[in-house]
Amino acid sequence: MLDPRSLAERSGEIAESCRRRRSQADVEAAVRLHAEVTARQTELNEANRRRNEHQQAGKRALSPEERQAHAAEGRALKEAVARVETDLAAARARFEAELARLPNFVHPDVPDGGEDDARELSRWGEPPRFDFEPQDHLQIGARLELLDFEAGAKVTGQKWYYLKNEAVLLELALQRYALEVLLQEGFTPYVTPDLARPEIVAGIGFNPRGAETQIYSLADADLCLVGSAEITLGGLYADSLLAEADLPIRAAGISHCFRTEAGAAGRESKGLYRVHQFTKTEMFAVTRPEDSEAMHQRILAIEERIFQGLELPYRVVDIAAGDLGAPAYRKFDIEAWMPGRGAGGSWGEISSASNCTDYQARRLRCRFRRKDGKRNEPVHMLNGTAISNARAILALLEIHQCADGGVRIPEALRPFTGLSKIGPR
RNA sequence: GGAGAGGUGGCCGAGCGGUCGAAGGCGGCGGUCUUGAAAACCGCAGAGCGCGCGAGCGCUCCGGGGGUUCGAAUCCCCCCCUCUCCGCCA
């Protein structure tokens, strides 16, 4: 969420960011409702002050008649407070609903436009030219008995799958490889819960309820299946006051990720590209405000290092304003070349790094104390994919397929898979 | 799942109807001492919100939500969490 007190002052800037994001949020309404809340708050403060004064007066000895009159007046003051409290709660609910709709600011360098307007920043590697007819990952996976979507559908449902044989080794090796890099980069590793409370889920910026939600909820407990370890890592720092010396914090979390993919039907989402469950190793960072942009670049650099190690040709794009999620101030995606995607291959998102500045931190109430600062400030929070396994496996199978029908394992994964090649068979 | 004990400021911990926004300790900040540091001693310092140009004034907060009372950290109810024991289980 945005800083409620700076809404009026920055309303022009916020309106501009809503326009660029194609958000329907109404800054003017939020400003108006905020004024209403503060007016009611002032009223409540005054009513409480009167009540407190009255209570102080009741501490001395009183005659029975005086005591009775005093008690009656006390009850009246209490009712007055209750009335203002009701008004304040209603005003606050209206304000918070409007505030929650306001997205974060947008970094000035973020390109305008929507999904197709991301700006390409760089490329690494070359899309391979096969001297045979390449297959997509579903064909390879079926032929080498690595992926079983039919079993997934039978046992669980559409877009659920089994990993099998060497794909299982790949799944584990990817986690281990990602961790190897992240440990070198100073991250603290975590395996996090796969479930979280709805308040935490909402604090990170996922909407845990409603028709469009990406989040699964349990029927028998007030818990959600996490869509990313971003949720559980961010939750670590909810309701906390950090020392400046604690920052920056770098955490790496491995979790299963669950997504309903409501409304995603019909998108380019064949096979492993869009599934309901996958394993992901996630980076999460907490920084001082002045350090978040440098951290964002560093997270991107780590992602590039990881995909170079996997020998996957990729490009880096700066996501356009209209395609940013509400918490993201700026987002860099890494898109790997996927030969089986579309007709003749195309770029597909494989990794993503977002700087959410103080937007999540404010909602999670995560602040830090400067050495000589007067008031505590919200921290900045960032997240980035180290490796999202389903898509990484997709890309590895398609990029490293060989003429003989086998799949080459890149050097970096060999120590962790114990293999240099899958198949042929 | 059952029984018991608890959840208090950045951390630990006392308080158990008005004298409490809360003792004490640790940690933090400033100072004295020292060539410097440590130790010792002295002092400062909770979080958040509203009003005010400002000095400042006021309000809220003792796990969360209700209730009793003129008055609740303190009494009652519900929920969440932690610990100990038992049960179950990989």
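This structure is a prediction, so every number in the text was calculated from the model and none was measured. Here is how names work: the chains are called A, B, and so on, in the same order as the sequence lines, proteins then strands, and each is numbered from 1.
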Separation of the P atoms in B:C83 and B:C70, to the nearest angstrom
41 Å
Measure from CZ on A:Arg362 to C1' on B:C49 and round the result to the nearest Å.
15 Å
Can a donor-acceptor pair be found between the side chains of A:Thr281 and A:Gln175 at a distance below 3.5 Å?
no
Side chains of A:Gln360 and A:His380: do they bring a donor and an acceptor to under 3.5 Å?
no
Rounded to whole Å, please give me the gap between CG in A:Leu242 and C1' in B:C11.
13 Å
According to the Watson-Crick and G-U wobble definitions, with both distances under 3.5 Å, which nucleotide is paired to B:G1?
B:C86
Measuring to OP1 and OP2 of B:G58, would you say a side-chain N or O of A:Arg50 lies under 4.0 angstrom away?
no
P-based separation of B:G63 from B:C11 [nearest Å]:
13 Å
Hey, does the side chain of A:Arg51 come within less than 4.0 Å of B:G71's phosphate (OP1/OP2), counting only N and O?
yes
What does A:Arg5 touch in the nucleic acid at a heavy-atom separation under 4.0 angstrom: a base, only the sugar-phosphate, or nothing?
sugar-phosphate
If the P atom of B:C79 is compared with that of B:G9, how far apart are they to the nearest Å?
24 Å
Consider the side chain of A:Asn48, meaning its heavy atoms from C-beta on, and name the nucleotide among B:C51, B:G10, B:C59 that approaches it most closely.
B:C59
Looking only at atom P, what distance separates B:A38 and B:C33, rounded to whole Å?
15 Å
B:G10 pairs with, by Watson-Crick or G-U criteria that keep both distances under 3.5 Å
B:C26
Using atom P of each nucleotide, how far apart are B:U68 and B:G50 to the nearest Å?
30 Å
By nearest nucleotide on RNA chain B, pick out whichever of A:Asn52 and A:Gln41 is the more 5' one.
A:Gln41
Work out how far the P atom of B:G66 is from that of B:G13, and round it to whole angstrom.
28 Å
Using the P atom as the reference point in each nucleotide, state the distance between B:A45 and B:G25 in Å, no decimals.
16 Å
Proximity to the side chain of A:Arg49 - top-ranked nucleotide from B:G10, B:C59, B:C51:
B:C59
Does A:Arg367 place a side-chain N or O at less than 4.0 Å from the phosphate oxygens OP1/OP2 of B:G48?
yes
List the steps, then state whether side-chain hydrogen bond (donor to acceptor under 3.5 Å, both in side chains) holds for A:Asn207 with A:Thr213.
CA-CA 6 Å; A:Asn207 178 7; A:Thr213 187; 5.3 Å; no
Under a 3.5 Å threshold, yes or no: a donor from one side chain and an acceptor from the other, between A:Glu304 and A:Tyr314?
yes
Tell me which nucleotide among B:C70, B:U60, B:G50 gets nearest to the side chain of A:Arg75.
B:C70
In terms of side-chain heavy atoms of A:Asn376, which of B:C80, B:C70, B:A47 is nearest?
B:A47
Between B:G27 and B:G71, how far apart are the two P atoms, rounded to whole Å?
42 Å
Indicate the ring-plane relationship of A:Tyr216 and A:Trp160, choosing parallel, tilted or perpendicular according to the 30° and 60° boundaries.
tilted
Contact nearer the 5' end of RNA chain B, comparing A:Ala39 with A:Glu377:
A:Glu377
Assess the side chains of A:Asn165 and A:Glu145: does a donor N or O sit below 3.5 Å from an acceptor N or O?
no
Phosphate OP1/OP2 of B:C51: any A:Asn45 side-chain N/O under 4.0 Å:
no
To the nearest Å, give me how far apart CD (A:Glu73) and P (B:U69) are.
18 Å
